[in-house]
Amino acid sequence: MSKVYAFVERQINMTLRHWHWELVWILYQIAMALSVGFIGAGAAAVSGVELDVEELTLFLLIGSLLWGFLNLLLKEMSYSIVWERWEGTIEYTFMAPVSRLTHLIGTSIAALIYGIVRTTLVLIAIAFFFNINLEHANLLGAVIILAIAAVSFIGIGMMVSILPLLTPERGEIMGTIVQAFLLMISGIYYPISVLPVWLQKIALLSPAYYALNGMRDALIKGSSLFELWTFVWPLIILGVILIPLGWYIFNIGEKYSKRKGRLKRSG
Amino acid sequence: MKYALVVKNVSKQFDDADQKFSFKKILNKDKFNAVIDVSFNIKEGEIFGVLGPNGCGKSTLIRMISTLLVPDEGSIKIFGKEIGKDDAVIRNMINRVSVEAAFFKKLTAWENIIYAARLYGLSKEDTKKKIDEILDELNFPKNRINLPMENLSRGQQQKVAIARAFLTSPMLILLDEPTTGLDPKSKMDVQKFIKKVMKERKNVGILLTTHDMNEADNLCNRISIMSDGKIMVQGKIEKLKKKVHVKDVYEIKTDKSIMRVYNFLSKIKTIENVLRDGRKIRFYTKNINLVLADLSKLLARNKLKLIYLKSVSPSLEDVFIILTGKSLEQDEK
């Protein structure tokens with residue numbers, strides 16, 4: 001546990017030390033979420049069709065919040081490697097008597113804590129701008145869905161974090177491509193029914209798809225935990241598959257980096 | 001007597017770093033040999049030096065021993081445990097100081113240390129106690145431990161790096177040019193600390209890479225000299241010096257125009273190497289008589305006054321030059 005804590009403490013210290021950067025990112029995320037929310041609010045005016053603006057806005061805001069959370073989780077996990085390469089500490093971390101699973105779990109927990117804090121701040125900011133009625137919402141259900149989905153997201157995060165090791169100069173950008181693909185197929189801002197059929201089939205493999213639909217059902221329709229089970233079980237299965245898969249892929253990437261000498265920054 | 005480290009026929013190649021694109025390169029990548037068939041061992045209680053210029057393969061070798069790089073050929077054993085098979089056990093036995101102090105620069109020295117200590121399973125209390133002792137030995141000002149690493153001087157950063165490595169009580173300590181770029185005082189503090197550790201802990205081994213010949217002379221029991229990825233020679237320093245003593249090492253000093261003398265000596269075929277060190281010139285020849293005749297003509301012609309010409313005992317630098325055929329400076333160029 002003390003080894004897991006080492007990574008959590010390190011990441012939290014790093015975030016606090018770069019608080020001014022983080023503040024900028026939070027403002028950026030709030031602005032993005034608000035822009036998406038205003039698209040919902042303005043849709044009726046643009047189309048001239050009568051719409052349930054509140055439901056559309058909530059639909060988009062849930063997408064924006066979850067996307068922000070997922071984006072942050074993947075970015076934080078990937079950046080923890082990028083940062084270590086940049087500082088040159090990656091070699092010290094990799095030669096320490098720590099299993100890679102402990103290392104990845106440690107950085108994931110830190111990313112998860114920060115993701116929850118930042119998403120909550122964005123949520124509070126949104127509440128000032130939009131009059132959202134959550135009277136019938138199942139908030140607990142939404143939180144449970146998010147918690148289960150986070151496991152799968154961590155699995156994807158593990159896979160994405162190997163990219164900066166494989167291609168030190170372009171790894172981060174490759175991680176962004178993975179995020180963009182998830183954004184496209186998971187129905188963040190639209191139902192996946194608008195996608196071509198073959199993409200709809202791929203969307204079923206994305207944990208974000210189940211997380212979004214589950215959270216939307218819980219918050220918009222107020223679905224009970226029993227009704228949310230439709231989304232919970234695929235998330236559990238994906239989590240069980242993606243964590244070991246992420247770990248396995250990271251291990252393969254690490255071995256490749258060690259053969260090719262990609263861990264070092266210089267010298 | 002146990003072996004702390006046994007390196008046997010280790011080789012490592014890398015893809016050529018030339019980034020220019022060509023289809024031929026994709027199909028058939030050029031390789032360059034970073035380490036070629038290197039073998040040596042370190043006994044418990046011994047400091048073994050690997051000397052050589054930048055780019056000769058020292059750091060690659062250290063990375064392979066640190067489990068950070070997989071050798072293409074050969075085997076590495078640390079206290080009988082083999083790299084590639086027993087990495088988890090080995091990682092508990094080793095630690096390393098690299099030439100560049102690698103830290104999270106925005107974090108304080110203490111935050112960096114406690115992070116490393118936790119990875120090795122040390123408690124906060126034990127870490128505090130041990131780090132205070134080590135930093136004291138290294139003459140690190142205690143009031144700077146809570147400053148961000150980026151606010152510390154190069155020497156202070158390197159002292160923290162050394163403290164971080166010794167904190168975990170490793171059995172094999174890998175010191176990759178630990179004093180490069182340090183001021184003379186910090187250099188002495190570090191060397192004194194290394195000597196003290198070796199005196200107190202008889203069961204550890206240290207691998208020290210350096211291109212500072214005096215440091216190797218001062219700290220190491222045995223050395224090997226590397227050049228272009230290969231070990232040219234290894235053994236006890238005194239034996240190596242004796243080995244080259246068959247060839248004569250001379251030092252000459254004139255009142256002026258030292259460059260003219262240098263250029264002149266460089267052209268004489270019976271002289272193997274000429275090295276300029278400020279106002280002095282050092283050279284190696286098996287036949288001083290042949291040199292003397294021409295040298296006196298040169299001095300007379302240029303009205304140069306000979307301050308001295310003497311035969312000197314070979315230093316480690318001379319050993320390196322005679323064995324590799326070039327000085328460290330020349331090799332780096």
Side-chain angles (χ1 to χ4, degrees), chain A residues 1-22 79-80 82-103 106-107 110 165 167-170 251-252 254-267, chain B residues 12-15 17 19 34 54-55 58-60 62-72 84 87-108 110-112 114-124 148-149 161 164-165 168 174 176-177 180:
Chain A
M1 272 311 284
S2 99
K3 293 183 181 183
V4 170
Y5 181 65
F7 292 103
V8 177
E9 185 184 45
R10 181 197 80 185
Q11 287 302 101
I12 291 174
N13 282 337
M14 293 280 284
T15 306
L16 292 175
R17 210 48 54 81
H18 292 102
W19 64 269
H20 42 296
W21 292 9
E22 301 305 334
Y79 264 50
S80 72
V82 172
W83 204 261
E84 284 225 62
R85 280 201 89 260
W86 170 250
E87 298 276 31
T89 54
I90 190 102
E91 292 196 325
Y92 288 86
T93 301
F94 274 45
M95 67 178 280
V98 178
S99 78
R100 202 54 58 225
L101 192 59
T102 305
H103 173 190
T107 49
L165 275 189
T167 55
E169 298 83 8
R170 296 280 178 265
N251 273 314
I252 293 176
E254 183 182 338
K255 279 179 190 159
Y256 176 81
S257 302
K258 286 181 175 176
R259 269 206 318 277
K260 295 286 178 184
R262 300 268 168 97
L263 292 182
K264 69 179 176 131
R265 192 184 68 177
S266 62
Chain B
K12 184 71 193 171
Q13 279 191 329
F14 290 117
D15 293 336
Q19 296 290 310
N54 292 335
K58 302 189 298 287
S59 295
T60 301
I62 291 256
R63 284 196 173 91
M64 287 192 278
I65 299 166
S66 310
T67 74
L68 295 169
L69 197 56
V70 181
D72 294 334
D87 287 9
V89 184
I90 286 170
R91 286 183 189 133
N92 270 306
M93 297 196 281
I94 58 172
N95 216 320
R96 168 186 173 214
V97 177
S98 54
V99 61
E100 277 194 33
F103 287 103
F104 295 98
K105 301 282 192 304
K106 291 273 177 204
L107 299 189
T108 65
W110 169 250
E111 284 166 343
N112 273 285
I114 191 67
Y115 162 64
R118 287 195 207 281
L119 295 186
Y120 285 79
L122 294 177
S123 71
K124 196 173 177 177
M149 289 304 294
R164 176 177 64 182
T168 62
L174 307 164
D176 192 3
E177 299 182 32
T180 299

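Lettering of chains follows the sequences in order, A, B, ..., and the numbering in each one begins at 1. Worth knowing before you read on, the calculation uses all heavy atoms, side chains too, and leaves out hydrogens, waters and symmetry mates.
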Picking from B:Leu69, B:Thr67, B:Asn95, B:Leu119, which has the most non-hydrogen pairs under 4.5 angstrom with chain A? B:Leu119

Applying ring pair (Phe, Tyr, Trp, His ring centres under 6.0 Å), can you list everything that pairs with A:Trp21, at least two apart in sequence or on another chain? A:His18, A:Trp83

Side chain / backbone / both / neither for B:Ser98 at chain A, heavy atoms under 4.5 Å: both

With sequence neighbours excluded, what pairs up with A:Glu84 under the side-chain hydrogen bond (donor to acceptor under 3.5 Å, both in side chains) test? A:Arg10, A:Thr89, A:Thr93

Quick one: does A:Glu87's side chain have a donor or acceptor within less than 3.5 Å of a partner on B:Lys105's backbone? yes

In terms of heavy-atom proximity below 4.5 Å to chain A, should B:Leu122 be classed as side chain, backbone, both, or neither? neither

Is it true that B:Lys58 and B:Asp176 make a salt bridge, defined as a side-chain N closer than 4.0 Å to a carboxylate O? no

Quick one: of B:Val89, B:Asn92, B:Asp87, who has the most non-hydrogen atom pairs under 4.5 Å with chain A? B:Asn92

Bottom line for B:Thr60: the part with an atom under 4.5 Å from chain A's heavy atoms is neither

Relative to chain A, which segment of B:Phe14 carries a heavy atom at a distance below 4.5 Å: side chain, backbone, both, or neither? side chain

About how many Å separate OG of A:Ser80 and NE2 of A:His103, when rounded to the nearest 0.5 Å? 5.5 Å

